[in-house]
Amino acid sequence: MGTDPVIIIGSGPAGYTAATYAARAGLKPRVFAGSVTAGGALMNTTEVENFPGFPDGVQGPELMDGMRRQAEKFGAIIQYDDVVSLELGGHTKKVVTGSGEKFKARSVILATGSAYKELGLPEEKRLNGRGISWCATCDGFFFRNKDILVVGGGDSAMEEALFLSRFGRTVTVIVRRGELRASRIMAMRAKSHEKIRFEWNSEVTAVHGADKVTGVTLTDTVTGDKRELPADGVFVAIGHVPRTELLHGQVDLDPEGYIVVAAPTTATTADGVYACGDAVDHRYRQAITAAGTGCAAALDAERYLAALE
Ligand code: FAD
């Protein structure tokens with residue numbers, strides 16, 4: 001087994017942008033894209049209207065396919081496998097994949113993104129795919145003329161609700177607080193939509209249904225009162241957790257699990273290890289910011305490798 005100059009873990013806008021920059025610098029990066037979720041979060045969305053250079057918008061999967069092809073064109077090696085363990089200390093970094101292969105690298109770029117948060121209810125797993133979903137783009141079609149709930153008060157929840165309004169008979173957004181966290185424009189779009197209504201100060205504390213969702217129990221977050229709401233589908237959009245479980249003990253993480261970097265660089269607390277995208281960023285969480293920090297991580301890795309020579 002040889003030693004790669006750079007291994008990149010993750011295949012969202014951060015990972016693929018890092019790959020394009022590292023490849024153009026002649027570093028032949030090896031990218032672990034993940035076995036089932038290659039392309040990252042934008043694979044689950046339709047129209048991306050805010051990525052610069054696409055005045056008419058672009059479909060998320062199309063954008064990610066373009067980023068992958070661009071990286072490959074310059075020599076990035078993309079492997080559709082998960083990294084399941086890592087050793088980031090010392091000069092030679094070690095990576096083991098889900099298929100048991102072992103790789104070594106002189107530097108590593110962490111671009112693992114973030115994952116959907118779950119409600120934490122026991123029935124969530126059982127009813128996953130039977131009425132509970134985390135992806136309106138993937139599952140909205142199955143809820144034509146149905147009563148749909150969307151849980152959450154941020155931009156993702158508004159985006160899901162607006163998308164689902166194309167299919168559902170009703171779309172009800174369940175919000176824990178008395179107001180939305182979403183940006184003004186997204187909140188306005190959702191609030192002014194004729195099919196979308198809101199249940200304020202409400203938390204889903206149970207989902208009903210034996211083999212498919214039939215409704216939920218809502219608990220009032222102010223009074224504690226409980227009420228039942230019939231529904232055919234529950235879309236969970238309550239935020240993200242960084243995919244950094246593998247990194248405990250390898251690099252410093254903040255209390256929420258995001259990777260700590262020495263801003264404005266992408267340097268982690270391990271020498272030669274850089275981090276970018278939503279695994280670092282709990283403030284902006286955009287494709288363009290992920291791509292921007294992916295670029296920075298590749299440049300940081302390139303400079304690190306040049307200094308070793
Ligand atoms: P991600 O896109 O999450 O990619 C990380 C990748 O790393 C994943 O493919 C994952 O499988 C892989 N990975 C993780 N761990 C491992 C491992 N151990 N081994 C191998 N691979 C691994 N942003 C916008 O700017 N405009 C939008 O319109 C927009 N719409 C959105 C719509 C939805 C529904 C969602 C969920 C997000 C949206 N975003 C949008 C946000 C944007 O998608 C994210 O900010 C961006 O994708 C983050 O990029 P990333 O590269 O950091 O991580």
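Note that the structure is a prediction, hence the values are computed from the model and not measured. Order of listing sets the numbers, starting from 1, for every ligand and every atom in it.
Nearest protein neighbour of atom 26 (N) of ligand 1, counting heavy atoms only, is Asn50 OD1, 2.8 Å. The nearest protein atom to atom 7 (O) of ligand 1, hydrogens excluded, is given as Gly10 CA, 3.1 Å; this is a heavy-atom distance. In this structure, the protein non-hydrogen atom closest to atom 24 (C) of ligand 1 is Gln286 OE1, 3.2 Å. In terms of protein heavy atoms, atom 16 (C) of ligand 1 is closest to Thr112 CG2, 3.8 Å. Ranking the protein heavy atoms by distance from atom 38 (C) of ligand 1 puts Leu42 CD2, 3.9 Å first. Protein heavy atom closest to atom 9 (O) of ligand 1, with residue, atom name and distance, is Thr37 O, 2.7 Å. Protein heavy atom nearest atom 33 (C) of ligand 1, with residue, atom name and distance: Thr45 CB, 4.1 Å. In terms of protein heavy-atom proximity, atom 47 (O) of ligand 1 is nearest to Pro13 CD, 3.4 Å.
Those atoms of ligand 1 that come under 4.0 Å of a heavy atom in Gly277, given as number and element, are 52 (O). Shown in contact with Leu246 at under 4.0 Å from a heavy atom are these atoms of ligand 1, numbered in order with element: 18 (N). Applying the 4.0 Å criterion to heavy atoms of Gly113 picks out, from ligand 1, the atoms 3 (O), 5 (C), 52 (O), 53 (O). Ligand-side atoms of ligand 1 in range of Gly34: 20 (C), 21 (N), range being under 4.0 angstrom from any heavy atom. Each of the atoms 41 (C), 45 (O) of ligand 1 lies under 4.0 Å from some heavy atom of Arg285. Heavy-atom proximity to Ala14, at under 4.0 Å, picks out these atoms of ligand 1: 51 (O), 52 (O). The contact set between ligand 1 and Ser11, taken as ligand atoms under 4.0 Å from a residue heavy atom, comprises 6 (C), 7 (O), 9 (O).
Residue contacts with ligand 1, taken as heavy atom pairs separated by less than 4.0 Å, do not involve Val36 at all. Heavy atoms of Ala33 found under 4.0 angstrom from ligand 1 belong exclusively to the backbone. Of all the heavy atoms of Glu159, the ones lying under 4.0 Å from any atom of ligand 1 belong exclusively to the side chain.
Of the candidates Ser35, Ala41, Ala287, it is Ala287 that places a heavy atom closest to atom 23 (N) of ligand 1. Nearest-heavy-atom check against atom 46 (C) of ligand 1 across Thr289, Asp278, Val83 picks out Asp278. When Gly40, Gly60, Cys135, Ala290 are checked for heavy-atom proximity to atom 8 (C) of ligand 1, Gly40 turns out nearest.
Using a 4.0 angstrom heavy-atom cutoff, Ser114 counts as in contact with ligand 1. Put simply, no part of Phe51 is less than 4.0 Å from ligand 1, judged by heavy atoms. Remark: distances from the non-hydrogen atoms of Val84 to ligand 1 are all 4.0 Å or more.
Within 6.0 Å of the CZ atom in Arg24, the count of heavy atoms belonging to other residues, nucleotides or ligands does not exceed 12.
Listed by first then second residue, pairs satisfying side-chain hydrogen bond (donor to acceptor under 3.5 Å, both in side chains) with a partner in residues 55-65 read Glu47-Gln59, Asp65-Arg68, Asp65-Arg69, not counting sequence neighbours. Sorted by first then second residue, the side-chain hydrogen bond (donor to acceptor under 3.5 Å, both in side chains) pairs that include residues 289-309, not counting sequence neighbours, are Thr266-Asp300.
Judged by distance alone, the side chain of Gln250 and the main-chain N or O of Leu86 form a donor-acceptor pair under 3.5 Å.
Screening Lys146, Lys195, Arg197 for a side-chain contact (heavy atoms from CB on, under 4.5 Å) involving Thr170 leaves a single residue, Arg197.
Ring orientation note: the planes of Phe198 and Trp200 are close to parallel, at an angle under 30° on the 30°/60° scale.
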